[in-house]
Amino acid sequence: MALKYSQIVLPKGELCLSNVLQTGQAFRWVLNESENRYATTMKIGDGNNYFVVVLRQPEDHILEFASLNETCGMDMIKDHLMKYFRLDIPLQELHYSDWRKRDARFENITPHGMRMLGQEPWETLISFICSSNNNISRITKMCSSLCVHYGNKVGTMDSLDFYSFPTSDELVKKASETHLRELGFGYRAKFIIETAKKMVQDKVNAGFESDTAFLEDLNSKLTYEQMREHLMSYQGIGPKVADCVCLMGLRMDQVVPVDVHVGRIAKRDYKFQSKKEYLKNLAEKYKELPITRKKINLELDAIRLMFLELWGPCAGWAQGILFTNEVGKTNGATSTGEIKKRKLIKLEDTEPKQASVRENSKTKMVEVKATSS
DNA sequence: ACTCATCCTTGATT
DNA sequence: AAATCAAGGATGA
């Protein structure tokens with residue numbers, strides 16, 4: 001059947017699908033290379049229903065979407081995508097009018113349509129448990145594996161089946177540590193089971209049936225520090241993973257997850273060095289939060305705060321820009337399940353208000369390497 | 001309170 | 001060819 005696409009027209013430079021969907025922020029988008037479109041399943045609307053969503057970007061400023069599922073209205077998908085891609089946040093304006101004034105390093109780089117996503121929080125949480133000490137291609141396989149084995153089939157496209165992301169109840173019911181280990185999850189198998197069990201408990205105690213509703217409700221009531229404290233009460237979630245959930249799953253734009261790359265950037269480019277006195281004061285702040293106090297690495301937390309102060313209310317977004325510039329190459333799943341390395345797409349960025357034309361390398365997506373035998 | 005080895009697996013590098 | 005290491009960390013000793 002033919003897909004019926006609708007359009008969302010954006011300002012130029014606001015979004016680059018490839019850079020957003022294939023840089024280790026979301027792990028479940030499947031790229032069809034010949035059609036140049038992405039597909040996945042998304043939980044859309046108030047219910048807990050998943051739908052197959054297809055995206056393509058025929059031009060820099062146009063986002064086209066379609067769905068396999070007739071029951072999902074196009075206006076509903078559009079609303080969902082507006083929230084998912086955080087299209088209320090003006091990336092170009094932030095870059096040119098805010099970050100460049102705060103940080104000279106942003107003079108030499110452009111956002112390349114790299115945005116932070118507002119993903120489903122439970123899925124984000126489990127995905128980033130899988131991310132610990134791991135690489136993107138394997139994380140992608142693991143997320144796919146969770147859906148195939150414990151989710152529900154939602155549709156088929158390009159002879160590929162699409163499944164929902166399993167709820168905590170489905171994981172508790174169908175999964176086991178042994179089975180997850182057989183599927184290649186390694187030591188994270190236990191974390192996923194234990195986290196799913198605790199999530200079922202927590203949401204029932206709070207009177208919720210849906211993981212999404214429970215986490216969103218908590219998010220609306222708690223401060224960042226309290227929310228992070230709660231997230232770190234699950235096994236396998238430390239400060240970095242919790243911050244990823246806060247930023248990419250709970251829309252906390254100011255949160256800067258500090259991983260090895262961001263840590264390296266802080267020391268190399270920003271001459272960060274921790275002062276003993278500062279760390280001591282920082283430790284005081286967490287005495288009310290026992291789990292945070294136990295799991296936190298004060299030096300990494302100090303780096304997070306340095307970047308928050310430097311970059312401001314959307315510090316997490318600024319981090320995303322620097323991160324993709326630092327790491328550069330990305331991986332993505334193709335329709336055949338293959339993982340291929342790609343280069344970051346260079347988007348033509350246009351400074352709003354004053355149109356400064358610069359000669360731009362509008363590079364196409366390039367394969368870095370073909371797999372050798 | 002703090003440091004550090006260890007944890008699963010895969011793919012690239014040596 | 002076989003060994004080693006790193007990959008967007010977290011845990012427990």
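These figures come from a predicted structure and were not determined experimentally. Each chain gets a letter, A, B and so on, in the order the sequences are listed, and its residues count up from 1. Scope of the values below: all heavy atoms of this structure, side chains included, with no hydrogens, waters or symmetry mates.
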Chemist: Would you say the side-chain atoms of A:Asn49 and A:Lys43 include a donor-acceptor pair closer than 3.5 Å?
Modeler: no
Chemist: Regarding A:Lys203 and A:Ser168, is there a side-chain donor-to-acceptor distance under 3.5 Å anywhere?
Modeler: yes
Chemist: Look at the side chain of A:Ser67 and the backbone N and O of A:Val52, then say whether any donor-acceptor pair between them is shorter than 3.5 Å.
Modeler: yes
Chemist: When you compare C:dC5 with B:dA5, how far apart are their P atoms, in angstrom units rounded to a whole number?
Modeler: 13 Å
Chemist: Hey, which of A:Arg293, A:Lys240, A:Arg228 is the one that makes salt bridge (charged side-chain N to carboxylate O under 4.0 Å, His left out) with A:Asp301?
Modeler: A:Arg228
Chemist: Along nucleotides 8-13 of chain C, 5' to 3', which nucleotides get a B, which get an S, and which get a -, given that the test is a protein heavy-atom distance under 4.0 Å?
Modeler: BBSS--
Chemist: Is the distance from OP1 or OP2 of B:dC7 to the nearest side-chain N or O of A:Arg188 less than 4.0 Å?
Modeler: no
Chemist: Could you tell me whether a side-chain N or O of A:Glu14 sits under 3.5 Å from a main-chain N or O of A:Gln92, the two making a donor and an acceptor?
Modeler: yes
Chemist: Distance check, P atoms only: C:dA13 and B:dC8, in whole angstrom units.
Modeler: 14 Å
Chemist: Could you run through DNA chain C and flag its stems, i.e. three or more consecutive Watson-Crick or G-U pairs with both distances under 3.5 Å?
Modeler: B:3-7 with C:9-13, B:9-14 with C:2-7
Chemist: Without decimals, in angstroms, what is the distance between A:Ile192 CD1 and B:dC8 C1'?
Modeler: 12 Å
Chemist: I'd like to know if the side chain of A:Thr167 pairs up with that of A:Asp211 as donor and acceptor (distance under 3.5 Å, no hydrogens or angles considered).
Modeler: no
Chemist: I'd like to check A:Leu125 versus A:Thr195 (side-chain heavy atoms, cut-off strictly below 4.5 Å). Are they in contact?
Modeler: yes
Chemist: Can A:Lys267 be said to sit on top of A:Phe272's aromatic six-ring, NZ or CZ under 6.0 Å from centre and within 45° of the ring axis?
Modeler: no
Chemist: Distance criterion of 3.5 Å, no angle test: do you see the side chain of A:Arg138 paired donor-to-acceptor with the base of B:dT10?
Modeler: no
Chemist: For A:Tyr5, does the six-membered ring have the charged nitrogen or CZ of A:Arg56 within the cation-pi criterion, i.e. under 6.0 angstrom from the centroid and within 45° of the normal?
Modeler: yes
Chemist: Given atom NZ of A:Lys141 and atom P of C:dA7, what is their separation to the nearest angstrom?
Modeler: 17 Å
Chemist: Which value, in whole Å, describes the distance between the C1' atoms of nucleotides C:dG12 and B:dC2?
Modeler: 13 Å
Chemist: Calculate the interatomic distance between A:Leu180 atom CG and B:dC8 atom C1'; express it in whole Å.
Modeler: 12 Å
